[in-house]
There are 2 protein chains.
Amino acid sequence: MIAKKQHPLVESFVDRLEAGGHRVTGARWAVARAVARQRGHFAADALAQELPGVGRATVFRNIKLMVEMGFVCRVLLGDGRLRYQISHRGHHHHLICSDCGRSEDLLGCDLDSILQDRAADHDFAMEGHWLEVYGRCRACRPQEAAA
Amino acid sequence: MIAKKQHPLVESFVDRLEAGGHRVTGARWAVARAVARQRGHFAADALAQELPGVGRATVFRNIKLMVEMGFVCRVLLGDGRLRYQISHRGHHHHLICSDCGRSEDLLGCDLDSILQDRAADHDFAMEGHWLEVYGRCRACRPQEAAA
DNA sequence: GATACTCGCGATACCAAGTATCATTATGAT
DNA sequence: ATCATAATGATACTTGGTATCGCGAGTATC
Ligand SMILES: [Mn+2]
Ligand SMILES: [Mn+2]
Ligand SMILES: [Zn+2]
Ligand SMILES: [Zn+2]
């Protein structure tokens with residue numbers, strides 16, 4: 001534990017590692033710090049390139065771990081590619097701009113009961129869902145003419 | 001046009017090819033027939049293996065074409081893998097069983113206005129959305145005890 | 001039916017994202 | 001300090017898909 005002041009994400013991750021009986025390794029500090037400094041979504045390979053001292057497989061392994069722990073979430077882009085992003089823990093969705101590609105969190109999903117019902121009509125017991133919303137963010141929209 | 005009676009999907013696809021100025025090739029008949037005989041979702045590579053006479057790239061190209069034309073849709077599995085499936089044309093979603101892996105169409109999506117509103121709260125102009133619902137189908141559920 | 005124009009094909013190589021293997025090393029417990 | 005082993009990093013492999021390009025099969029015109 002190189003105690004220096006760290007980004008909260010890094011500290012929480014390390015806490016969770018310790019709590020879960022995982023080892024707190026140099027590679028894990030490095031990956032967590034690299035994730036913490038990302039703005040918006042990122043590809044695992046790109047992150048690996050930012051960390052020449054850490055093996056590629058290790059980067060993938062630890063991103064996966066951070067996803068499982070809820071620190072990072074997956075973002076499905078409109079073209080089918082998958083990205084990672086720092087997660088607001090808990091269930092949420094993404095507003096993904098088809099223009100600039102940025103993804104914004106859509107917190108407070110209230111679809112569960114609606115979907116639960118639709119699924120029940122098909123005699124299907126819903127356990128979860130995955131939703132991404134595509135469109136254009138404010139910045140990428142031509143000035144809206146006053147109505 | 002080797003006019004023999006064909007599966008409706010194959011005939012519609014050929015019609016759309018002609019209407020769109022695309023050539024009706026042997027490979028396209030073969031891919032369309034192979035798609036038509038799939039039950040549930042399938043991987044593009046698996047389809048290619050069923051068609052030893054057709055090049056792999058051609059199988060991918062034509063599945064893509066069928067997706068663009070709306071004859072085939074993509075299904076995102078719970079583990080992140082992507083599959084293809086014959087599509088009920090038009091916007092719809094999938095009920096995917098985490099147990100047997102089968103996917104059932106959930107027609108008549110009425111989420112648009114709800115999502116439109118949520119997105120608007122974030123100053124985001126929604127243009128589309130992607131939703132998959134996970135759970136357990138009837139067959140994969142332990143007998144429900146009478147309440 | 002023959003001609004010509006060109007789209008689409010298949011072979012191949014390539015790419016992107018991720019996983020399996022395994023000898024070596026660093027971590028954390030004692 | 002010692003030790004057991006979880007984790008790493010190098011490497012190879014897998015899966016899913018795309019770029020290239022010479023060649024052959026579709027289609028339109030005659
Ligand atoms: Mn998120
Ligand atoms: Mn479908
Ligand atoms: Zn934007
Ligand atoms: Zn099932």
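Chain naming here is simple, since letters A, B, ... match the order of the sequence lines and numbering starts at 1 in each. This is a predicted model, so every value here is computed, not measured.
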Determine whether a donor-acceptor pair (one donor, one acceptor, N or O, separation below 3.5 Å) exists between the side chain of B/Arg61 and the base of C/dG10.
yes
Just call it for A/Thr58: base, sugar-phosphate, or nothing, with non-hydrogen atoms closer than 4.0 Å on any strand.
base
From C/dG18, D/dT8, C/dG10, pick the nucleotide closest to the side chain of B/Val54?
C/dG10
Need one value for B/Gly80: base, sugar-phosphate or nothing, where a base atom within 4.0 Å counts as base even if backbone is also close, heavy atoms only.
nothing
Would you classify A/Ala57 as touching base, sugar-phosphate or nothing, given that sugar-phosphate means primed atoms plus P, OP1 and OP2, and contacts are heavy atoms under 4.0 Å?
base
Measure from the side-chain heavy atoms of B/Asp45 and tell me the nearest of C/dA17, C/dC9, D/dT15.
D/dT15
For the side chain of B/Arg83, counting heavy atoms from C-beta on, which of D/dG16, D/dT11, C/dA11 is nearest?
D/dG16
Are the side chain of A/His41 and the backbone N or O of A/Gly101 linked by a donor-acceptor pair below 3.5 Å?
yes
Whole angstroms only, please: what is the CG-P distance between A/Leu17 and C/dA29?
13 Å
What is the distance, rounded to the nearest whole Å, between atom CG of B/Leu77 and atom P of D/dG16?
11 Å
Please find out if less than 6.0 Å separates the ring center of B/His88 from that of B/His94.
no
Compare the minimum distances between each of D/dT8, C/dT6, C/dA17 and the side chain of A/Arg28, then state the nucleotide with the smallest one.
D/dT8
Rounded to the nearest Å, what distance is computed from the CD atom of residue B/Glu68 to the C1' atom of nucleotide D/dG17?
14 Å
Interatomic distance where CH2 belongs to B/Trp29 and P belongs to C/dG8 [whole Å]
16 Å
Check whether any side-chain nitrogen or oxygen of B/His22 sits under 4.0 Å from OP1 or OP2 of C/dG8, and answer yes or no.
yes
So if I take every side-chain heavy atom of A/Asn62 and compare against D/dG17, D/dA10, D/dT8, which nucleotide ends up nearest?
D/dT8
Would you say the base of D/dA7 and the side-chain of A/Arg23 have a donor-acceptor pair closer than 3.5 Å?
no
Would the base of C/dG10 count as contacting B/Arg56 through its side chain, where contact means a donor and an acceptor less than 3.5 Å apart?
no
So B/Glu132 and A/His129, side-chain hydrogen bond (donor to acceptor under 3.5 Å, both in side chains) or not? Walk me through it.
CA-CA 6 Å; B/Glu132 303 284 23; A/His129 64 270; over 6 Å; no
Specify the separation, in whole Å, of atom CG of B/Leu51 and atom P of C/dG10.
10 Å
Round to a whole Å and report the spacing from CG of B/Leu65 to C1' of C/dG8.
11 Å
What contact category does A/Gly21 fall into here, base, sugar-phosphate, or nothing, at under 4.0 angstrom with non-hydrogen atoms?
nothing
Decide if atom CZ of B/Arg102 counts as having more than 12 heavy atoms of other residues, nucleotides or ligands within a radius under 6.0 Å.
no
So, A/Asp99 and A/Arg141, do they make that salt bridge, N to O below 4.0 Å?
no
Atom pair distance, as rounded to whole Å: NZ in A/Lys64 and P in C/dA20:
7 Å
Of the options D/dA10, C/dA17, C/dG8, whose atoms approach the side-chain atoms of A/Phe60 most closely?
C/dA17
Do A/Val75 and A/Phe42 have side chains that approach each other closer than 4.5 Å (heavy atoms only, starting at C-beta)?
no
Hey, does the side chain of A/Thr25 come within less than 4.0 Å of D/dT8's phosphate (OP1/OP2), counting only N and O?
yes
Output the rounded distance in Å from CZ (B/Arg74) to P (D/dG16).
14 Å
